[in-house]
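Written below as structure tokens is the structure these notes are about.
Throughout, a chain's letter reflects where its sequence line sits, starting with A, and its residues are numbered from 1. All figures in this text were calculated on a predicted structure; none of them were measured in a lab. The figures here come from the full heavy-atom set of this structure, side chains too, leaving out hydrogens, waters and symmetry mates.
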2 protein chains.
Amino acid sequence: MAKQTITIYDVAREAGVSMATVSRVVNGNPNVKPSTRKKVSDVIEKLNYRPNAVARGLASKKTTTVGVILPSVTNLFFAQLARGIDDIALMYKYNIILANSDESKEKEIQVFNTMLDNQVDGIVFMAENVTDSIKREIERTNTPVVFAGTANDIEDAYSVNIDMIAAYHDATSNLLTHKKRVALVTGRPHILLSTQQVEGYKRALSEHQVDFDDSLLIQGSLTYKDASNIVEQLLQAKADAAIIKDDALASAVMSELLDRGIQVPEDFEIISNDNSLISEIVRPALSSIQQPLYDIGAVAMRLLTKVMNNEEVDERRVNLPHKIKHRKTTEE
Amino acid sequence: MAKQTITIYDVAREAGVSMATVSRVVNGNPNVKPSTRKKVSDVIEKLNYRPNAVARGLASKKTTTVGVILPSVTNLFFAQLARGIDDIALMYKYNIILANSDESKEKEIQVFNTMLDNQVDGIVFMAENVTDSIKREIERTNTPVVFAGTANDIEDAYSVNIDMIAAYHDATSNLLTHKKRVALVTGRPHILLSTQQVEGYKRALSEHQVDFDDSLLIQGSLTYKDASNIVEQLLQAKADAAIIKDDALASAVMSELLDRGIQVPEDFEIISNDNSLISEIVRPALSSIQQPLYDIGAVAMRLLTKVMNNEEVDERRVNLPHKIKHRKTTEE
DNA sequence: TTGAAAGCGCTAACAC
DNA sequence: GTGTTAGCGCTTTCAA
């Protein structure tokens, strides 16, 4: 037997007031006499009334929920960002709809639109890169969108990130103090993120007066399963150090190197990029570019709350500080 | 300037039909003449009409969204489950609201109720253990709930899992073929999951005629940061093998062991339990209990769709098969 | 401080 | 096949 859903009308009747009054107490509207507030509250308690968020959403045109789109929950990089988003959302009493895009650009657009259908008040968007089609969707809607940890060059976009060029510049410079042939292993070429990383890398190179060597640049949709091939290329190119795009890949590469009797960091230094759990667990522990992942998520969500409330925001685009965390795969 | 939201009414007027007809074509109701279907579809296209899911939810009392509760997105174990859930939800056209409980039992109840407020059609619930208070909430609602990968002893609950007792029995037996002093590192005592794991462990022990030794049982809210303490205890107890509750902890323990010059697997064998990415990446690669995580999630979601549609389900409680995956931390 | 009433955008009988 | 209409449960003017 289905339990009866109890509505605002039931509460009103039972308390001997109008629906409007019940609505007011539920929403903390101050214009209610304390005694009637008490009376209504008691009835709410007694009847165990819970407002229907869907009806509320329809009537008020606000759902107090925000959508979060990320490539994959199993990707620790984005999962960390999600934590920051989640905490701040909770703090500002927004609900979260989290959706995987599964790294598929079609699904990305689909979940984006599903969120709009569900009348989310705003969206935090994360991806490895921003395609033109998703750009178009974002422009078409009035729903505010902020990018978190996602390279983008959209003029007036809300975005929080680190200065990726500077980060890769720093990592490269670090490596260049002990090593001669520093390789760079990034994601697919032509996407903005890779472009930025390569740019930082090249800047450091030229500062140190070393010529860019094409064979030291390895790019692609690489996962840890490609480690063996990558090591092959690295060795061929006589690399003695590398910056590697994520922790899983970096540790796989390191293991492969170790298996071949190459000492890390003596013969080969590594700087990774996620600074996830993995970097601490493997031996030797991975030195890593340290992005304030949680903070990026948190700041992005905070920014979104401002936009949703039409508050003034001074900077649409914020860069948070990064560091190079030296663990055991770089020399002192 | 806000773009005008266009409604079903606009489409109806423009197409010269009634709202009901528009509703019918939007919902694929067959009772529409092809020619008018075409006409309406064209207008929908032209006006770029998108149905408001909130209004639909209110009118139909179905939101076609399901809630997914998990302890943490950064926990790879649950993230894997979430993937399976997500894929099947997509297949059956359900939207997902995913919420972190942050391993807090209060937040767990809060997100549970928020989901009910939002009129989800069903919930997939994941946690390390099921408290009485969440049990009570689940009983209070008519919204179907299925447990995925979470130990529970609720009589008539929908639940998909592995046979944890058997899994730990198998792991222990395996270890016992080469080693004498097999330790067990589990989560907090007194929760059902740990109880099951200990039971499987003890069964194998007695089958192999070895007495249970209290000092070989290490329990608590352990994370990889506790590795050093755990190794201390392990060594003190003269353990030469261990089953360890998750990959992060297992690899941290292994690193600690290695640091102390103890050979794995020669001097010490390890079986881990998540079978995540981490187990493949670390060296030596972790042998592990292999749970069909993705499948557990997928089957749970499939089960939920049946319950939501009032379809017959023959088994409320399903156990999926597990395996012991031998990598490099166990002897052949 | 409170209530009446008109929607929010859609679905689902029911009638034609 | 198609249209009419009464809600779904709530918020929000507006008036009192």
Shortest side-chain distance from B/Ala20, nucleotide among D/dG3, D/dG9, C/dA4: D/dG3
salt_bridge(B/Glu137, B/Arg140) N-O dist < 4.0 Å: yes
A/Lys38 bridged to A/Asp42 by N-O distance under 4.0 Å: yes
Under-4.0 Å side-chain N/O to phosphate OP1/OP2 contact, A/Thr5 with D/dG9: yes
Length of the line joining A/Tyr9:OH and C/dA5:P, which is rounded to integer Å: 13 Å
Sugar-phosphate, base or nothing in reach of A/Asn52, heavy atoms under 4.0 Å: sugar-phosphate
Closest-nucleotide ordering on DNA chain D, the 5'-leading residue of B/Lys33 and B/Lys61: B/Lys33
Which nucleotide in C/dT11, C/dA13, C/dT2 has an atom nearest any side-chain atom of B/Ala59: C/dT11
A/Arg317: which of A/Val160, A/Leu303, A/Asn152 passes side-chain contact (heavy atoms from CB on, under 4.5 Å): A/Asn152
Value in whole Å for how far the P atom of C/dA12 lies from CD1 of B/Ile8: 11 Å
Donor/acceptor link under 3.5 angstrom from A/Arg50 side chain onto base of D/dG9: no
Residue-phosphate contact under 4.0 Å: B/Ser18 side-chain N/O, D/dT2 OP1/OP2: no
Atom-pair distance (CG on A/Asn118; C1' on C/dC10), nearest Å: 14 Å
Length of the NZ-P vector between B/Lys39 and D/dG1, whole Å: 14 Å
Lys/Arg-Asp/Glu bridge criterion (N-O < 4.0 Å) met for B/Asp117, A/Arg50: yes
First of B/Ala55 and A/Ser60 reached from the 5' end of DNA chain D, by closest nucleotide: B/Ala55
Non-neighbouring partners of A/Glu311 that pass side chain to side chain contact (heavy atoms under 4.5 Å, CB included), sequence neighbours left out: A/Arg302, A/Lys306, A/Asn309
Sugar-phosphate, base or nothing in reach of B/Val17, heavy atoms under 4.0 Å: sugar-phosphate
Between P of C/dG9 and OH of B/Tyr49, the distance in whole Å: 10 Å
Touch class at under 4.0 angstrom, heavy-atom based, for A/Ser23 against every strand present: base
Nucleotide nearest B/Pro51 when distance is taken to its side chain, options C/dC10, C/dG3, C/dG7: C/dC10
Rounded interatomic separation in angstrom, taking CZ from A/Arg56 and P from D/dC8: 18 Å
Atom pair distance, as rounded to whole Å: CG in A/Asn27 and P in D/dG9: 17 Å
Atom pair distance, as rounded to whole Å: CG in B/Asp10 and P in C/dG9: 9 Å
